[in-house]
Amino acid sequence: MTVPASPQMSRLLDAIGQSGFAVPHCSVCDRVHYPPQSWCPYCLSPGIEFRPDSGRARVLSTVTLHRSLDVEWESRLPCHVACVVTDSGLKVFALAESEMPADTPVILELRAGLLHIRN
Amino acid sequence: MAGDFGDVVLAAPTSFGYSRYSTEPADWYFAQCLRTMLATSGLETRHVDGLSASSFTLAPNPVASLSRSLGLTLTWLESVPFGGASAVMALRRAARAVQAGDASVIACIGADANPRHAFKDLVSTFAVASSDAVYPYGAAGPNLPFAHVTRQYMDATGATREDFGRLCVSQRFNAHYCEHALLRTPTTLEDYLSAPPIAEPFHKLDLVMPCAGAEGFLVLREAHARTLGLPYAHVLSVVERHNAYPEDIRMLRGGWAHDAARLYQTAGQTPESIDVVATYDDCPAIVFMQIEGLGFCAPGQARQFVSNHDLRFNGDFPHNTSGGQLGCGQAGCAGGFIGVVEVLRQVTHQAGARQVVGASVGLASGYGMIMYDRCLGSGAAILEGA
């Protein structure tokens with residue numbers, strides 16, 4: 001059972017789908033954040049827009065999942081989930097095809113509603 | 001007496017009802033834990049005028065419902081649902097309330113039910129940030145972000161699975177001597193290393209087992225505890241922090257590093273003067289960060305510290321002497337009470353077969369409330385037996 005995305009996450013995923021990659025951006029203080037909120041966690045402004053982003057990132061770590069709480073994932077195990085930091089400074093979890101060493105440069109992209117990384 | 005809580009003391013350390021799964025609701029655990037505490041202390045419900053409740057599974061009942069369902073008329077009631085930091089934060093609030101005269105006897109209880117299949121519901125909807133940006137990536141619950149924290153800590157410090165294994169094996173040894181622990185069978189380092197992978201680098205024996213149960217203690221004035229004939233401990237110092245070091249992309253430290261100096265200074269203690277330690281142990285790397293942040297060794301040196309010390313209750317660094325959550329199980333917010341309750345037992349010499357000889361001053365730290373990539377709450381308390 002998938003937990004429905006929040007309205008702000010749904011909007012972000014729509015923006016990513018349209019532009020290749022995008023990040024929540026505060027039009028008042030010019031900072032970005034993730035996961036998405038409808039206000040800025042730095043200046044509290046509600047003026048959040050979705051700014052196109054290169055999606056370029058580097059790997060912080062990769063984890064290999066062998067168990068899941070959700071039966072829908074069982075056929076996909078084991079799977080790899082990376083933790084990356086984007087060039088714009090955001091920490092993001094995304095699916096990976098394999099274990100990747102720290103500092104590997106990657107690109108974030110959206111596939112079937114989930115973020116993935118590729119070389 | 002050092003410290004800034006005057007004549008406020010803790011008494012009646014209580015653990016109740018540990019079981020893998022529950023058929024009773026959370027408020028049943030509150031009731032039975034309180035019943036046990038009252039029987040221990042010779043008090044009746046009419047003597048309790050304060051309640052601090054920590055729970056994830058009390059809904060649909062609100063915390064306010066507990067006054068009626070437990071038969072209490074209260075002048076002070078707080079919900080302190082801070083997961084693994086619940087007990088440290090509960091005792092801080094309760095001790096201040098007793099010190100200020102807002103209540104005279106406060107029962108601090110962490111209790112959670114664990115019906116079959118409920119754990120998934122709890123973690124999948126724990127917070128919007130996690131539901132949006134963590135859970136969709138494999139539905140692994142807190143294991144996913146903490147596996148990443150662990151991998152990044154291993155890369156940064158050189159800590160290995162063997163280092164974590166020493167910690168886990170010592171706690172299962174301690175659990176063997178704890179009558180309420182659910183996992184009392186000792187394990188070996190070979191068992192640890194050969195356990196099946198769950199969320200690599202995590203394997204089965206790194207992880208705590210969700211369960212049901214309750215833990216609690218009473219907060220009251222010293223003269224009152226003496227009148228009741230209760231063993232008690234003074235609260236020397238408590239620190240608390242939320243969202244420490246948000247600028248750290250990789251979590252290699254927690255709020256303890258920020259607040260340890262004040263913790264010890266207020267208590268008039270040093271790391272060397274602490275006789276028994278409890279850390280929050282739902283992830284060995286986080287225990288290592290607590291050992292470092294609380295000043296028992298330098299940052300990044302916990303692997304050497306754990307290799308050079310014996311963490312069993314009869315060793316030279318008695319740590320998580322009831323087995324912690326790795327031995328007892330993780331009963332939701334009650335898991336966040338294990339450390340304070342066990343340290344209270346130890347410094348009041350009520351720990352039975354696992355008693356640390358001569359324990360007088362103990363430290364319990366907490367860590368709780370996973371939001372996205374890390375827990376937001378941290379804290380620690382130093383208690384001294386009377």
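Values below: every heavy atom of this structure, side chains too, minus hydrogens, waters and symmetry copies.
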Next item on the list: Using the salt bridge (charged side-chain N to carboxylate O under 4.0 Å, His left out) rule, collect all pairs that involve residues 107-119 of chain A, keeping only residues at least two apart or in two chains.
Entry: E97(A)-R111(A), E109(A)-R111(A), E109(A)-R118(A)
Next item on the list: To the nearest 0.5 angstrom, please state how far the NE2 atom of H80(A) sits from the CD atom of E200(B).
Entry: 9.0 Å
Notebook entry, point to check: How would you list, by chain and number, every residue that makes a side-chain hydrogen bond (donor to acceptor under 3.5 Å, both in side chains) with S98(A), sequence neighbours excluded?
Noted result: none
Next item on the list: Answer with side chain, backbone, both or neither: which region of P246(B) has an atom nearer than 4.5 Å to a non-hydrogen atom of chain A?
Entry: neither
Item checked: Largest heavy-atom contact set with chain B, pairs under 4.5 Å, which of Q8(A), M9(A), R76(A), H66(A) -> H66(A)
Notebook entry, point to check: Which residues, numbered in order, of residues 87-95 of chain A come under 4.5 angstrom of chain B by heavy-atom distance?
Noted result: G89(A), K91(A), V92(A), F93(A), A94(A), L95(A)
Next item on the list: May I ask you to name which of L12(A), V85(A), V81(A), L77(A) has the most heavy-atom pairs under 4.5 Å with chain B?
Entry: V81(A)
Checklist line | Contacts of residues 32-62 of chain A with chain B (heavy atom under 4.5 Å) | finding: Y34(A), P35(A), L60(A), S61(A), T62(A)
Next item on the list: Flag the one option from M154(B), R250(B), H148(B) with the top tally of heavy-atom pairs under 4.5 Å to chain A.
Entry: H148(B)
Checklist line | Side chain, backbone, both or neither of V63(A) within contact of chain B (heavy atoms, under 4.5 Å) | finding: both
Check: Got a second to check how far C83(A)'s SG is from R151(B)'s CZ, nearest 0.5 Å?
Finding: 12.5 Å
Next item on the list: Could you tell me which of P145(B), P201(B), G138(B), S130(B) has the largest number of non-hydrogen atom pairs under 4.5 Å with chain A?
Entry: G138(B)
Next item on the list: Any chance you could measure K204(B), atom NZ, to R67(A), atom CZ, to the nearest 0.5 Å?
Entry: 7.0 Å
Notebook entry, point to check: Looking at A82(A), G113(A), S10(A), which one has more heavy-atom pairs under 4.5 Å with chain B than the rest?
Noted result: A82(A)
Next item on the list: Mind checking the OH-CG spacing from Y137(B) to L65(A)? Nearest 0.5 Å is all I need.
Entry: 13.0 Å
Item checked: Nearest atoms (heavy-atom pairs only) where L114(A) meets P136(B) -> CD2-CB, 3.6 Å
Next item on the list: Under 4.5 Å, counting heavy-atom pairs only, tell me which of V128(B), L144(B), D155(B) racks up the most with chain A.
Entry: L144(B)
Next item on the list: Side chain from CB out, backbone as N, CA, C, O: work out which of these in L115(A) comes under 4.5 Å of a heavy atom of chain B, or both, or neither.
Entry: both
